Amino acid sequence: MLDLPERFSITTSIAYANNKPGLHTLYEVIGADALARWYRMCGVPTRFLTGTDEHSINIAQAALDEGRPTREFVDEKVALFKVAEAALGITPDRFIRTTDPDHVRVAQEMVRRAHANGDIYLGTYEGWYCPNEGFRNVTDVVETASGTICPNHPDVPLQWLTERNWFFRLSAYQERLERHFADHPDFVRPEHRRNEMLGFIRGGLEDFSISRERTPGDWGIPFPIREDGSSSEFADGTWDPAAGKIYVWYDALINYITGAGFPDDPAMFARWWPADLHVIGKDIARFHTIFWPAMLWSAGLEAPRKVWVHGWLLAQGERMSKSRGNFLDPIDFVAAFGSDGARYVALREAAFDRDSDVSWDAFTRRYNADLANDFGNFVNRTVSMAGRYLGGERPAPREAAESPLGTAWPAARDLFVAKLEACLLHEALAALWEFVGAGNRFVEVEQPWVIARAVKAGENGAAERLRAVLGDLVEACRLVALAVAPVMPGLAPRVMEQLGYAHEYAADGNGGPPLLDELRWGAHAGQVGMLTAPVPLFPRLEIEAALPGEIPATATGPA
RNA sequence: GGCUGGGUAGCUCAGUUGGCAGAGCAAGCGGCUCAUAAUCGCUAGGUCACAGGUUCGAGUCCUGUCCCAGCUACCA
């Protein structure tokens, strides 16, 4: 069916820990978690890294404005992320924070390597600085009668700042980047994002600054090198403040190799790097597909194998964001749809390869149609009929070739897997739900209740036919619940229990039998088991009871 | 401004090399009774953004126009 990799190393971008998380931020994490779980269940050693980005000047300023220590401020925000991710069933192998001590060491090591390789040099960075947004490009500011202003914050006076910064020689990597894109056509996906990045590279690359002279509250990773090239570390282990801080973007990207074990654990690093997949949003594609490979090459390391660029969640055409206030609180979302339901509707309702308009209404309709009506009811009617007509002993499926569902299954499964591995998670789920539809239609065609009456009437062969039909239905329930387990990890154990099967996977998807073996029609045909009484999996939601069609404004303040 | 996507049913979208406009959801009608008012079937719903052109034939190819989104260098 497919060739599984020998290991799978996947990351998300790290979230900016300045506020509580929105669903639009965790959407990417849900998708990556589903992919990580897929590989874990397939028996592929998997490492899934996600976390938080904490060294930004804005965060330091926000903490300062609240009169609190920056560390306390970010600890609080990170705790909110962890609570929300736990509610969504997110299972990273490491939750990395850029304030983690090992990450601080790795970022400094990367600076030293770039310096040793002649890729960084001292220069001057100057430009308009908006206290709310940082340095603004000349094309982003507006000239007015009262002076130059930032269009987003017209009341805040812009400052012309000059900083002595270290610069990274990105210009030296233009040719290598072009060659890398040519040699690895799948490096950036989807295709149109790759084209954008390629266009940017061909337009000529400028060097970028990787240090800041000063930061609010002295926040950030100490730049490990002084202007004269000497180490900025004092004998007591503290750092010379005059050396400045590492610019937050340079620091943030490096989390991916910290999380892979660089450089303290070479064996671990060799095992997990290069990452197989970075899952990121379209707004940060350039940093991941252009700056980041160059940074790695400068340090003598490999670029990640693939970067998947997803789109945004939109509410009525507008990007969901904390600053706009049109975002969903993941806790509310889980409260309404359940952890599994929330994961499913998020990944099914939004396309993973482009922007998607979402609404509470659409999520509710999707939940009712796909989960309550189609699949939940399919399992319910199957378990109910098998229990009622066969007394609870689990009927075995027929040979695939003798069963319409058994015949249809391989194509549905293969399409599901192909879409999943292509990161088209919404299409993967759609492919699987085509098969759920086939299951429901099969019930109508066979009408087991009619066969059951024939059995009662003593009709010849009716009992055998009833067992066969119900066996096929039970098998269809098993296959769909297992296939969709990476997306709805809590569902599979509940379905398996009702079907009288063991579920041997751990909470994070590790440890069970290879999923592809389990996804064969009739994989457990010989096993005896008892069905339980039917228990509804996804209670139907009343649209009226749900929030109105608008995305509720739950913002607590500016981002 | 330049470059790249897109505009198809009320909503979300699919439409391969040009060959009778499709799916899901929502709506209406009917069937069934195992099931969570569910499910199955049927119906309705379209100036394929607009105007030209090529062609026996255009949602698809070409030209122009309008609209939306993205990219066009350091907030993260």
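Since the model is a prediction, treat every value here as computed from it, not as a measurement. Quick note on labels: first sequence line is chain A, next is B, and so on, each numbered from 1.
- Here, A69(B) and U55(B) have their P atoms 38 Å apart, quoted to the whole Å.
- Look at U54(B): it lacks any Watson-Crick or wobble partner with both distances under 3.5 angstrom.
- Look at C74(B): it lacks any Watson-Crick or wobble partner with both distances under 3.5 angstrom.
- Proximity note for Glu206(A) (side chain, C-beta onward) versus A73(B), A26(B), C74(B): the nearest is A73(B).
- Residue-level contact check: Gly199(A) touches neither bases nor backbone, having no heavy atom under 4.0 Å from any strand.
- With rounding to whole Å, Met385(A) atom CE is found 12 Å from C40(B) atom P.
- The base-pairing partner of A37(B), taking Watson-Crick or G-U wobble contacts with both distances under 3.5 Å, does not exist among the strands shown.
- Stacking between Trp449(A) and the base of C34(B) is present: ring centres sit under 5.5 Å apart and the planes differ by under 30 degrees.
- Counting only heavy atoms from C-beta on, Arg441(A) has its side chain closest to C40(B) among U39(B), A76(B), C40(B).
- Residue Ser384(A) is in sugar-phosphate contact alone, with no base atom involved, counting any heavy-atom pair closer than 4.0 Å across all strands shown.
- Remark: the separation of the C1' atoms in C20(B) and C56(B) is 15 Å, to the nearest Å.
- When the nucleotides C34(B), A26(B), G70(B) are ranked by their closest atom to the side chain of Glu196(A), G70(B) comes out on top.
- Taking every side-chain heavy atom of Arg193(A) into account, G70(B) is the closest of G70(B), U36(B), C40(B).
- Residues Glu54(A) and Thr98(A) bring no donor and acceptor atom of their side chains to less than 3.5 Å of each other.
- Among the heavy atoms of the strands lying under 4.0 Å from Asn373(A) are primed sugar atoms or P, OP1, OP2 only; no base atom is included.
- Between the C1' atoms of C50(B) and G6(B), the separation comes to 16 Å (whole Å).
- Heavy atoms of Asn377(A) sit under 4.0 angstrom from at least one base atom.
- Looking at heavy-atom distances under 4.0 Å, Ile57(A) makes no contact with the nucleic acid at all.
- By the 30° and 60° cut-offs, the orientation of the rings of Phe208(A) relative to Phe291(A) is parallel.
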Does the side chain to side chain contact (heavy atoms under 4.5 Å, CB included) test come out yes or no for Asn58(A) and Tyr16(A), once each step is laid out? CA-CA 10 Å; Asn58(A) 285 350; Tyr16(A) 187 35; 2.8 Å; yes

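- The separation of U60(B) from G7(B), taken at their C1' atoms, amounts to 15 Å, rounded to a whole angstrom.
- When the C1' atom is compared between U54(B) and C11(B), the two are found 36 Å apart, to the nearest whole Å.
- Contact annotation for Gly281(A): no contact, since no heavy-atom pair falls under 4.0 Å across all strands.
- For Gln447(A) and C34(B), the CD to C1' distance is 10 Å, given to the nearest whole Å.
- Taking the nucleotide of RNA chain B with the nearest heavy atom to each of Glu349(A) and Gly376(A), the more 5' of the two is matched to Glu349(A).
- The cationic group of Lys245(A) does not satisfy the cation-pi geometry with Tyr247(A), failing either the under 6.0 Å distance to the six-membered ring centre or the 45° limit from the ring axis.
- Taking atom CG on Leu371(A) and atom P on G24(B), their separation rounds to 18 Å, with Å as the unit.
- Among the candidates Thr364(A), Asn377(A), Asn373(A), the single residue satisfying the side-chain hydrogen bond (donor to acceptor under 3.5 Å, both in side chains) test with Arg540(A) is Asn373(A).
- No option in Thr258(A), Asn255(A), Asp53(A), Asp75(A) other than Asp75(A) meets the side-chain hydrogen bond (donor to acceptor under 3.5 Å, both in side chains) test with Arg97(A).
- The CG-C1' distance, from Asn380(A) to U36(B), rounds to 6 Å in whole Å.
- Of the P atoms belonging to A23(B) and G15(B), the separation is 15 Å, rounded to the nearest Å.
- Both distances falling under 3.5 Å, in either a Watson-Crick or a G-U wobble arrangement, occur for no nucleotide opposite C32(B).
- Checked against C25(B), U36(B), C34(B), the side chain of Arg388(A) finds its nearest nucleotide in C34(B).
- Nucleotide C11(B): paired with G24(B) (Watson-Crick or G-U wobble, both distances less than 3.5 Å).
- Geometrically, Arg189(A) does not engage Trp308(A) in a cation-pi contact defined by less than 6.0 Å to the ring centre and at most 45° from the axis.
- Cation-pi geometry between Lys20(A) and Phe81(A) is not met at under 6.0 angstrom from the ring centre and within 45 degrees of the axis.
- Taking the side chain of Tyr16(A) as heavy atoms from C-beta on, and the options C74(B), A76(B), C40(B), the nearest nucleotide is A76(B).
- Summary of the strand contacts: Phe538(A) and Trp312(A) both lie near RNA chain B, and taking for each the nucleotide with the nearest heavy atom, the more 5' one is attributed to Phe538(A).
- Among the protein residues, Arg540(A) comes within range of the nucleic acid bases, having at least one heavy atom under 4.0 Å from a base atom.
- Nucleotides G70(B) and G64(B) are separated by 23 Å at their C1' atoms, to the nearest Å.
- Rounding to whole angstrom units, CZ of residue Arg354(A) and P of U12(B) are separated by 12 Å.
- Residue-level contact check: Arg453(A) touches the backbone only, with heavy atoms under 4.0 Å from sugar-phosphate atoms and none from bases.
- For Pro536(A), counting side-chain heavy atoms from C-beta on, the closest listed nucleotide (C40(B), U36(B), A76(B)) is U36(B).
- Distance from the side chain of Arg366(A) is smallest for G24(B) among the nucleotides U36(B), G24(B), C34(B).
- In this entry the distance linking CZ of Phe73(A) with P of A76(B) reads 15 Å, nearest Å.
- Counting non-hydrogen atoms under 4.0 angstrom, Asp370(A) reaches nothing in the nucleic acid.
- Atom pair Trp249(A):CH2 and C74(B):P shows a separation of 13 Å (rounding to whole Å applied).
- Only the C1' atoms considered, C62(B) is 49 Å distant from U39(B), to the nearest whole Å.
- Within the shown strands, A49(B) is the pairing partner of U65(B) under the Watson-Crick or G-U definition, both distances less than 3.5 Å.
- Nucleotide U12(B) holds its C1' atom 13 Å from the CG atom of Asp361(A), rounded to whole Å.
- Checking C34(B), U39(B), C74(B) against the side-chain heavy atoms of Arg212(A) singles out C74(B) as nearest.
- Note: Trp360(A) and Phe337(A) have tilted aromatic rings, judged against thresholds of 30 and 60 degrees for the angle between ring planes.
- Residue contacts shown for Leu537(A) include a base, since a base heavy atom lies under 4.0 Å away.
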